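Below you'll find the structure, written out as structure tokens, and then a few comments.
Small disclaimer: the values here were computed from a predicted structure and weren't measured. Letters go in sequence order (proteins before strands), and every chain restarts at 1.
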Protein chains: 2
Amino acid sequence: MLPKKEIATHKLTIYDVAKEANVGVGTVSRVLNNHPSVAPETRKRVKDVAERLNYQPHTYAQRLAKRQSETLSAIIPFFTNYFFIEILQGVQDRISQLGYDLVLYGVNNIDQVEGYVSRALQRGRVDGILLFSMKIPEKVIVRLQETNVPVVLVDTVSPHFDSISVANVDGAYAATTHLIELGRRPVGMVNAQLVSAPAIERLQGYKHALEIHGISFSEDLVKTGCTMKQDGFNREAGYEAMSDFIKMGPEMPKAFFVSSDIQAMGAIAALSENEMRVPDDISIVGFDDIELARHLKLTTMRQPMYQMGILAVDRMVARMSNPDLEILHTTFSPTLIVRESCGALRNSDGLVTAKSKLR
Amino acid sequence: MLPKKEIATHKLTIYDVAKEANVGVGTVSRVLNNHPSVAPETRKRVKDVAERLNYQPHTYAQRLAKRQSETLSAIIPFFTNYFFIEILQGVQDRISQLGYDLVLYGVNNIDQVEGYVSRALQRGRVDGILLFSMKIPEKVIVRLQETNVPVVLVDTVSPHFDSISVANVDGAYAATTHLIELGRRPVGMVNAQLVSAPAIERLQGYKHALEIHGISFSEDLVKTGCTMKQDGFNREAGYEAMSDFIKMGPEMPKAFFVSSDIQAMGAIAALSENEMRVPDDISIVGFDDIELARHLKLTTMRQPMYQMGILAVDRMVARMSNPDLEILHTTFSPTLIVRESCGALRNSDGLVTAKSKLR
DNA sequence: TCCTTCTTTGGAAGCACTTCCAGGCTAAAT
DNA sequence: ATTTAGCCTGGAAGTGCTTCCAAAGAAGGA
């Protein structure tokens with residue numbers, strides 16, 4: 001038998017503190033909220049009493065009276081895993097610095113989004129909503145707009161809301177250019193499903209890079225696996241796409257821009273099963289720079305994920321304090337992280353050069 | 001200039017609904033909370049009105065009046081990444097099935113725990129606390145006990161609280177046994193820092209397996225990398241440990257039990273840099289079965305992470321409704337997932353056999 | 001000394017619910 | 001017909017804060 005707990009956690013209210021400190025409840029409240037118009041000595045006395053009694057204001061009574069919840073909700077697609085988790089860290093860190101709470105809704109398939117949005121929209125529940133990497137159903141957009149709750153989008157864009165994202169076309173352009181300058185040709189692309197905005201934009205960047213370098217684009221050199229989950233941003237799809245390329249035989253590209261690191265992982269696996277080595281035989285550059293990429297020594301386009309999380313919260317705060325702000329789209333430029341998967345070397349000047357150029 | 005929003009989101013309260021439906025507020029409340037004693041027709045009328053007006057009860061007023069928050073908080077070490085995220089999915093899914101909210105506190109270093117616990121402990125804020133994979137400072141334990149808030153531990157154990165965890169020694173035993181039966185000897189171990197309970201227990205299981213098979217234990221055959229972060233459950237530590245083993249030259253073990261998949265990843269990298277292949281030259285079995293393990297074709301001990309999350313919430317619910325429950329420790333047995341990293345083959349009977357035995 | 005202004009304070013009136021209590025009805029029982 | 005029991009219902013009294021308003025007192029100015 002467990003011994004019954006003695007500590008009754010006597011519920012003490014602001015009235016108890018007020019009585020004990022010989023002041024009114026208003027004064028106690030003012031002290032606790034750092035309102036300036038309290039005499040220093042009174043302030044001290046109240047503080048001492050509150051501390052001695054170990055008084056904790058009741059969270060929800062405060063929120064009700066203050067008419068704000070001091071909480072933000074994040075609706076994230078759980079399935080994006082490696083990517084979102086890093087952004088989430090930034091979000092959570094910043095939110096807790098602000099003394100806010102983060103309530104998390106993880107969606108496993110897109111149909112859940114509406115339900116969670118409804119929930120988050122319940123009167124008073126949250127002060128703002130962060131929506132991660134997903135295309136938002138029109139229906140949901142409408143509801144969000146009707147209620148006037150601050151929304152910021154992360155890794156998606158919509159004309160109706162603030163957003164934090166990454167310059168996909170620039171990134172793809174840079175990645176492809178890197179490959180082109182390495183001299184390995186032709187340069188192919190492993191892409192995700194074209195239903196997703198990032199996939200479309202990254203393809204655009206790829207094409208643009210070819211164009212700039214006077215290389216004509218060929219449909220045959222970009223492939224997408226057919227595993228649909230996560231819009232094709234998954235390992236299997238990368239594996240499938242690369243397997244398709246391998247069937248081309250000697251015609252196959254010698255360098256690939258892959259639209260995400262996780263796909264690159266699959267692609268590399270397919271390659272190695274066919275006795276082709278990276279970077280010896282094939283060059284690869286990925287996108288995202290998830291933690292894995294470092295492990296794989298994958299050259300990739302880094303998205304500043306943690307930073308994006310921080311910024312998303314900051315933007316949210318800004319919008320909360322001034323709802324009439326113009327809608328702002330913040331775009332990060334991904335940076336090229338050169339590791340070993342494409343055969344580039346850092347020479348003594350610290351400059352990036354291509355092996356193929358050196359011979 | 002943005003057009004000013006017209007929709008004033010008129011704040012309607014339960015009184016408005018009551019007036020419109022021609023009933024008292026008590027009745028409205030009863031309808032909305034599915035209290036039985038309401039006449040069916042009244043119920044319908046109120047429901048219709050509420051729907052027509054699109055009435056949303058105010059979350060915090062409810063919580064204040066009901067004296068419960070319908071939210072749980074999870075304090076997770078962000079740095080455990082791949083592992084916790086899968087548990088978190090289970091937790092979140094179940095919590096939202098219950099109509100509860102999940103507030104997330106991510107700790108990046110152990111010192112933050114106390115602060116987050118204090119926050120979670122604030123009067124009324126949450127109905128229960130889930131603590132993930134960390135040894136809890138004594139100080140915190142005391143506070144937790146004083147307040148009488150339900151706590152359930154996930155992937156840690158303490159005599160004072162319910163817990164959901166995995167039978168580390170059994171798992172390590174099974175993994176090591178698998179390796180031993182494969183016939184590759186000697187069998188070494190790459191472990192994490194012995195400050196962490198799982199590391200200690202997994203070592204125990206490893207020793208036990210040796211003992212059972214009449215193999216004497218040697219200190220030299222278990223190594224730990226010195227990268228301390230995450231208590232050594234990280235890729236670098238695995239890499240370092242394996243590099244140390246490699247220095248042993250021909251004496252080095254031919255098979256390894258590695259205390260986590262992520263370390264196994266590092267270990268494999270070290271091996272491949274030294275021209276040793278898995279499983280051709282060296283056998284490896286990991287622990288956890290994170291998503292990555294599948295990618296790596298790593299034989300490993302699976303922890304049912306999602307299930308653990310579900311169960312943690314269920315236990316929480318049970319304890320919330322009956323605080324006098326005896327403390328319960330739920331332990332899952334990890335199961336051996338045979339993939340390709342140890343050279344075991346499935347023969348036609350579906351049985352697992354070792355290559356080395358076959359020759 | 002008297003008036004004005006500023007600081008500090010107490011406490012009532014919200015905030016938006018839930019819940020308990022008492023009373024009005026109806027229907028069953030005597 | 002009268003009592004009893006039970007179902008519905010309205011609304012007052014919480015729930016524990018914040019904030020506004022009025023007022024008391026102190027300080028400064030004339």
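Between A:Gln62 and the phosphate of D:dT18, there is a side-chain N or O to OP1/OP2 separation shorter than 4.0 Å. At D:dT18, one or more side-chain N or O atoms of A:Ser29 fall inside 4.0 Å of OP1 or OP2 (strictly under the cut-off).
Closest approach to the A:Lys66 side chain among C:dA16, C:dT18, D:dT19 is made by D:dT19 (side chain taken as heavy atoms from C-beta onward). For A:Lys11, the listed nucleotide lying nearest its side chain is D:dG16; candidates were D:dG16, C:dT8, C:dC17.
For B:His35 and C:dT19, the NE2 to P distance is 8 Å, given to the nearest whole Å. Going from atom CG of A:Leu32 over to atom P of D:dC17 covers 9 Å, rounded to whole Å.
Of the possible polar contacts, none joining the B:Arg119 side chain to the B:Glu114 backbone as a donor-acceptor pair under 3.5 Å is found. Of the possible donor and acceptor atoms, one in the side chain of A:Gln112 sits under 3.5 Å from a partner among the backbone N and O of A:Asn108.
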- Using the side-chain contact (heavy atoms from CB on, under 4.5 Å) rule, take B:Val91 and B:Leu130 through it: C-alpha gap first, then chi angles, then the decisive distance, then the call. CA-CA 9 Å; B:Val91 168; B:Leu130 263 6; 3.8 Å; yes
- Please test A:Ser69 against A:Asp127 for side chain to side chain donor-acceptor pair (under 3.5 Å), starting from the C-alpha separation and ending with a verdict. CA-CA 6 Å; A:Ser69 67; A:Asp127 293 341; 2.8 Å; yes
- Message: Applying side chain to side chain donor-acceptor pair (under 3.5 Å) to A:Ser118 and A:Arg143, what does each step give before you reach the verdict?
- Response: CA-CA 8 Å; A:Ser118 297; A:Arg143 294 208 43 195; 2.6 Å; yes
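Residues A:Tyr100 and A:Val317 fail the side-chain proximity criterion, which asks for heavy atoms closer than 4.5 Å. Taking 4.5 Å as the limit, every side-chain heavy atom of B:Ile76 sits out of range of all side-chain heavy atoms of B:Ile87. Inter-residue side-chain proximity for B:Tyr105 and B:Val117 is flagged as unmet; no heavy-atom pair is nearer than 4.5 Å.
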All N/O contacts under 3.5 Å from nucleotides 22-27 of chain C to the protein, with atom names and distances to one decimal?
none

Mind listing the N/O atom pairs, protein and nucleotides 10-13 of chain C, below 3.5 Å?
unit_1 : atom_1 : unit_2  : atom_2 : d
C:dG10 : OP2    : A:Gly24 : N      : 2.7
C:dG10 : OP2    : A:Thr27 : OG1    : 2.6
C:dG10 : N7     : A:Arg30 : NH2    : 3.0
C:dG10 : O6     : A:Arg30 : NH1    : 3.1

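Near DNA chain C, defined here as any heavy-atom distance below 4.0 Å, there are no residues from residues 44-52 of chain A.
Taking a cutoff of 4.0 Å between a charged side-chain nitrogen and a carboxylate oxygen, A:Lys135 and A:Asp231 qualify as a salt bridge. Using a 4.0 Å cut-off between a side-chain N of Lys or Arg and a carboxylate O of Asp or Glu, B:Arg63 and B:Asp101 qualify as a salt bridge. Ion pairing between A:Asp48 and A:Arg52 fails under the 4.0 Å rule for side-chain N and carboxylate O.
Residue B:Ser37 is classed as a base contact, given a heavy-atom separation below 4.0 Å to a base.
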